[in-house]
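One structure is given below, encoded as structure tokens.
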Amino acid sequence: MAFSSYIELSPFTIKVETNCSLVKKNLTSIYQDALINKPDVVDYHVSINSVSGLRSYLKPQIVFQADKAEPFKPLPYAHGFAMLEWGLNWLISSNELTYVIIHSAVLAKGDKAILFPAPPGSGKSTLTAYLAAHGWRLLSDEMALILPNTNLVVPSVRPICLKNKSIELAKQWYSEEHFSTVAPNTHKGDVVHLRPPTSSWVNRKVPAEIKGIIFPTYSANSETEIYQLNHTQSFMEFAKNAFNYGVIGEKGFNTLVNIIEQSTCLEVKYSDLEDLRAFLEEEIL
Amino acid sequence: MTVKNNLDSAKLLTLINAPATCLSLTLKEWECLILILRASKLLATFASKIQQSNVFEDTPDYAQRHLTNALILAEKQHKQLFYEAKELTRVIEKVTPKAIFLKGAAYTLASNNTSLGRIYSDIDLLVAKEAIAPTEKLLCVLGWLPEKVDDYDDKYYREWAHEIPPMQNASRGTVLDLHHNLVPPVSGKAPDIRLFTKGCIETECSGYILRPAAMTLHSAIHLFINEDFNNAFRDILDLHNLFSEFNNDDFWKDILDLASATDFELELFLATRYSYMMFATSIPVWVVEILDKKFNSKFKIKYWDFVFKRALLPHHELLQEPQQSIAISLAYIRGHILKMPPKLLLKHTSHKLWKGLVESILGKSYFLKEDNKKG
């Protein structure tokens, strides 16, 4: 039986439909603050449904659709909620071209934000989960939505995607009801989505000014090492992580350049989260 | 009072023909319109029309956001296409000196009105049949990789179809469809392609496009000899734009002659009929008279009207159009029959059914070669 729901995913509103009880369960627990009654208007309709037919009795599969578009191959049933999240990432980054979108985590204290662009495996999600649980607010786990020609980032508060070891670590900082069911053996390993603290959600419409761009790399047992990047290096690293930079052309270029010129850009190697947090609060913000 | 949560087809057509009427839409109707147009690949086209009608600023913020997003993407693709066309023409010149761009790419290279707000999923190129193999080889070497298809589909493409499996540029992601004809040879309807390529025009990027009559007739053939009506609404709107842009006696004479010489008069008749019905296209009376004389079976016309007045509209759950599903199924069957002789169609359909059954049990990736299977 199809379940449909409206999510206020500020700055967007999404309608989600699903016939998977697993997805419904995770939707209602992880997005509880964001579920709303039928709004005046909706930006996107998505669905995440199990593939019908004989297959559904043997190895059920699910499909993500944004209206008629089906960007991914079907995935196993247990990956349902993760697929919804990845689908939403795809939807926003391929359609929302009035923002300059950078692949990075964004967290802020008050209205001062730091961007953490990082490739998978760098420990970014663990850092994100840690900071969000220790006085920082989450603006996004995955995508920085930057207003063009400014250094302002608009929050798009959504669950934090945790993989493998970081799931265990996050259990030290978050109680159980914050965690979605596990999607085992995805292409990223075991994946769980973590509901950010209510304080992040409450400030979902408050933009923040970018003060720093930090490229973090977790390295077990290392001291906290900090490398200053010059503007060119910063730009190259930054642009590598830009989702839609190629599409929006000159405006995107100018925006990135201005941000780099106004922010502190560093590469940081660390193993101690608390140490890194203190450094960021004292030196960058 | 229940809020209406869909859009009826009459209203959709009014909006396309008179974009300024969008100012009377409720937010809910805007939502339906935007979703339907996005799915039909016409959101940017509609946004262009709104701009041309000078009412863009008066539309609600919600609409402006989505229309702007669509315009940005279309603008980027537009620029990208010129680059791709120039590159392609240059790299394959030695093996294919006169490669002709088709459909969307051609409209853009010609700077037709049809190109406004257009988005592309791939680039279509027409080359001589004997040039297909060397061109494909050369493109592979240059980083255009063929899409992975199973052995049956590969055979289908190479023996029966008028095009080879799509090729994708490994670094840019652009998809290229190489054609050697406009209609699958196996259908028995494939024309002498020289009748179409005669008088092809060189564009600024040095690639070629078909002359107006050939370009337009091809568009009609592409729409009406096809089982896939997913892009039908955009295709019939293209035809309206092409007919309007080229509307002069020389053009009409040329297209009527070409249609007669290649046996595609029915497709021209259907294209003009439905373009007029949906968009009030200006078609000279003498042209209509000639075509009406050739296709005057009242019964057939009634049947075609039933099918195409519905199948040519967008297929979307938010668009209200009674009996559309039946019409689409009939159009689908008709398209299949036209593209393939019945005996072969039976064999092909059985294979597809069998494949569908296996996939429904063992998974969609079952038929792909081992290295292409994921998760």
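Please read these numbers as outputs of a predicted model, since none were measured by experiment. Throughout, a chain's letter reflects where its sequence line sits, starting with A, and its residues are numbered from 1.
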Looking only at heavy atoms, the pair that brings B/His316 and B/Ala39 closest together is CD2-CB, 3.8 Å
Which portion of A/His187 sits near chain B, non-hydrogen atoms under 4.5 angstrom
neither
State the CG-CE distance between B/Leu142 and B/Met167, to the nearest 0.5 angstrom.
9.5 Å
Chain A interface, residue from B/Thr26, B/Leu27, B/Ile36, B/Ile72 that has the most non-hydrogen pairs under 4.5 Å
B/Ile72
Look at the aromatic rings of A/Phe72 and A/Phe64 and report parallel, tilted or perpendicular, splitting at 30° and 60°.
tilted
So, taking the atom named CD1 in B/Ile236 and the one named CG in B/Asn231, what distance separates them when rounded to the nearest 0.5 Å?
13.0 Å
What part of A/Asn185 gets within 4.5 angstrom of chain B, counting heavy atoms only: side chain, backbone, both, or neither?
neither
Which region of B/Leu71, side chain (C-beta onward) or backbone (N, CA, C, O), has a non-hydrogen atom less than 4.5 Å from a non-hydrogen atom of chain A, or is it both or neither?
neither
Determine whether the aromatic ring centres of residues B/Tyr120 and B/Tyr107 are separated by less than 6.0 angstrom.
no
Which one of A/Asp40, A/Asn95, A/Val42 has the most heavy-atom pairs closer than 4.5 Å to chain B?
A/Val42
